[in-house]
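Here's the structure we're looking at; comments come further down.
Below, chains carry the letters A, B, ... as their sequence lines are ordered, and counting in each starts from 1. Here the structure is a predicted model, which is why all the values come from computation and not from measurement.
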2 protein chains.
Amino acid sequence: MVGIKDVARRAGVSIGTVSNVVNRPHMVSASTRARVLSAIQELGYVRDESARQLRAGRSRIMALLVLDLGNPFFVDIARGAEETAQDEGLHVITCDSGHQADREVSYLSMLAEQRVRGVLLSPVDTSGAALATFRRSEIPYVFVDRRVPADEASSVSVDDVTGGALAARHLVETGHTEIAFVNGPSILAQCRDREAGVRSVLNACAARLSVLETSELDVASGRDAASRLLGMSPRPTAVFCANDLLALGVLQGMVAAGVRVPDELAIVGYDDIEFAGAAAVPLTSVRQPARRLGRAAAELLIAETGDGDSDEPVERQTVVFEPELVVRASTSLTRSG
Amino acid sequence: MVGIKDVARRAGVSIGTVSNVVNRPHMVSASTRARVLSAIQELGYVRDESARQLRAGRSRIMALLVLDLGNPFFVDIARGAEETAQDEGLHVITCDSGHQADREVSYLSMLAEQRVRGVLLSPVDTSGAALATFRRSEIPYVFVDRRVPADEASSVSVDDVTGGALAARHLVETGHTEIAFVNGPSILAQCRDREAGVRSVLNACAARLSVLETSELDVASGRDAASRLLGMSPRPTAVFCANDLLALGVLQGMVAAGVRVPDELAIVGYDDIEFAGAAAVPLTSVRQPARRLGRAAAELLIAETGDGDSDEPVERQTVVFEPELVVRASTSLTRSG
DNA sequence: TCATCGGTGTGAAACGATTCATGAGTCAAC
DNA sequence: GTTGACTCATGAATCGTTTCACACCGATGA
């Protein structure tokens, strides 16, 4: 593989000069520069980032480690992060832990070995066992879609308690008193918070709440939940799902079972992914500003890693966005039900 | 940041010994090994992959560069690739070109600088302008979801001509004679092939075909196409879309306009993403084995990069999977239409 | 004529790991 | 007591860059 010294030889200059041509062209006379550039062209020289990084001690890559790329919510976060990174001349690599703690650990250790500039992290494991070892690497990280105390790290999240409350209030206001909450694994803070929001509203009124916990936050789990809901008596008249994938699964199960939505069962999802609006019955959902989440997280991380020229420690920030309820057909009675 | 020499000093051994403990533990006596390991623990040493890679000349990372992570089809490909990579002790990083040639170029040059082990590539640009410079880096690559001549590179794809024909035949067989094909940008080989498949069937029978080309392969473009379809006269009775995102958009537009599906308009999608089955009207779709695609591509790449120990050039392979039609409600008349 | 100075280019010292030839020590066999 | 074989550990060379102190050169000013 052709290296800088091959270029130097070809152009008849020293390797230092080649490096200057590449990194500080103004320090090199026009004629030399032209000679070096054409040598680079002819040889097809591509600079070796690992050598560069070894010398520099820092990488130009930031990582985004998400819970589930199958969830378009996280894809939107990735898009937001990439937008910001691109503005700063950084690259983003996206890793998918698939909700598995061991994969999270494996990715984190790889990222530490790569000495990435920083990590945007949407962690599986709240206990921090995975993070405990990573933290020693001193690579900065920012939590995404998870609020943590500011002394631990910066974080960008959406107020899930409010989100849960929004959904619950909407169901109460549309007259439901028998409500189910299909929640994901309670190990996830998002799930616990959404449930807390739901309870805060329902405890204050006459509605009855049943909570069904699923093992995953995906469509298949939603279908499972649907069959469990069908077996309940009295059967709830409304169901709120911890995310849109669950809601789509529940909807699918209900449609298959001939249950009319929203007449016999109202459904509210969470995230407002693009597919929510295109569902069998367009889903009412709690919208999260995913792209802005990604942008903000990347900005915080960049601020934290700084340009390395100032020594003052950047203070950590906790950014919390507000969710928004989007009402669609899945909770709006159109015919007399 | 703590390096191998800090560990060596702490454990009272040479750096070579520390390296041996990490990479060939059996070559080190038990007592020394224990001493070194505890030094590593205490100091929180994390080996620097860039130094390692600089020495080794090769990376342990393979890249997957896809057209659009917002399309679950590509997420499934990523999952498949990761499964295979994990078995080989490699890591996958996923990059999203978002159908933009300039981002593709930018990612490719980053990957070349990183000296990744190889790239699984689902390219925007068929002309190969982006690839032309990348090819000089001599980093192996395998095409995913795009067939190319075997002398150019290995490739793993699905027979899109057959896929298009499957969809068209299904529509003809269910009695349609006025058929629209909502296609993505014809710059994409997949789109051209699917159209060819459609034409091969429709030319042989009495059906009439109109082709609508969209600028993107996403839900929003599908909605646009829907409004164009609504304005046509005679209005087609069936529409085949080049992927499920387009189909979902068309479906959404039709439902919003009060057009009954499938009674007034039958719809067929492509890819059979998970959301197709959960749509407003469950979509008939042409299924592609995305995960197997990813797995196969990763396997080919790994075979190609080899273990570096043998010099015989691995011959390139062209793997082609067969698509499969999945019939659902969007093309099955249930009431008298 | 001599010091100074900006503009260019050089060469060597890092960066942090891996690897390999070599050496030091131990033990068994002759 | 010498030899050979074997086990462990060492130290230096190496990977491909960047960076920095220094050298060179022609021009300018005193």
Inset, instruction - Select from V28(B) and R115(B) the residue whose nearest nucleotide in DNA chain D is closer to the 5' end of that strand. - result: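 Looking at the nearest nucleotide for each, V28(B) comes out on the 5' side.
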Inset, instruction - Please check if atom CE in M27(B) has more than 12 non-hydrogen atoms from other residues, nucleotides or ligands closer than 6.0 Å. - result: no
Legend entry - Residue pair L90(A) / I302(A), side-chain heavy-atom distance below 4.5 Å: yes
Legend entry - 4.5 Å side-chain heavy-atom contact, R115(B) and V46(A):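 Yes - at least one pair of side-chain heavy atoms lies under 4.5 Å apart.
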Legend entry - Contact interval (first through last nucleotide) of DNA chain C with protein chain B, 4.0 Å heavy-atom: dG16(C) to dT19(C)
Legend entry - Pairwise salt bridge (charged side-chain N to carboxylate O under 4.0 Å, His left out) hits with a residue in residues 8-22 of chain B, at least two apart: D6(B)-R9(B), R10(B)-E42(B)
Atom [atom1] of [X] to atom [atom2] of [N]: distance rounded to whole Å?
X: D48(A); N: dT18(D); atom1: CG; atom2: P; value: 10 Å
X: I15(A); N: dG16(D); atom1: CD1; atom2: C1'; value: 8 Å
X: Q53(B); N: dT17(D); atom1: CD; atom2: P; value: 12 Å
X: I4(A); N: dT19(D); atom1: CD1; atom2: P; value: 11 Å
X: L54(A); N: dT14(D); atom1: CG; atom2: P; value: 17 Å
X: Q114(B); N: dG16(D); atom1: CD; atom2: P; value: 16 Å
X: H26(B); N: dC6(D); atom1: NE2; atom2: C1'; value: 15 Å

Legend entry - NZ/NE/NH1/NH2 to OD/OE distance under 4.0 Å, E304(B) and R316(B): yes
Legend entry - Salt bridge flag under 4.0 Å for residues R52(A) and E49(A): yes
With respect to the phosphate group of [N], does any side-chain polar atom (N or O) of [X] fall under 4.0 Å of OP1 or OP2?
X: N20(B); N: dC8(D); answer: no
X: S19(A); N: dT19(D); answer: no
X: T17(B); N: dA9(D); answer: no

Non-hydrogen atoms of [X] and [Y] that approach each other most closely:
X: G89(B); Y: R60(B); value: O-NH2, 3.4 Å
X: L300(A); Y: S154(A); value: CD2-CB, 3.8 Å
X: V124(B); Y: S97(B); value: CG2-OG, 3.6 Å

Inset, instruction - Check every strand shown and say whether S50(A) touches a base, only sugar-phosphate, or nothing at a heavy-atom separation below 4.0 Å. - result: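 No contact.
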Inset, instruction - Under 4.0 Å between any heavy atoms, over every strand shown, what does G16(A) touch: base, sugar-phosphate, or nothing? Just pick one. - result: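 Result for G16(A) = base.
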Legend entry - DNA chain C: 5'-proximal contact among R52(B) and M27(A) (nearest heavy atom):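 Here M27(A) is the residue nearer the 5' end.
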Inset, instruction - Describe, as an angle rounded to 10 degrees, how the axis at the first end of the helix from dT1(C)-dA30(D) to dC30(C)-dG1(D) is tilted relative to the axis at the last end, five pairs per end. - result: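 Roughly 60°, once rounded to the nearest ten degrees.
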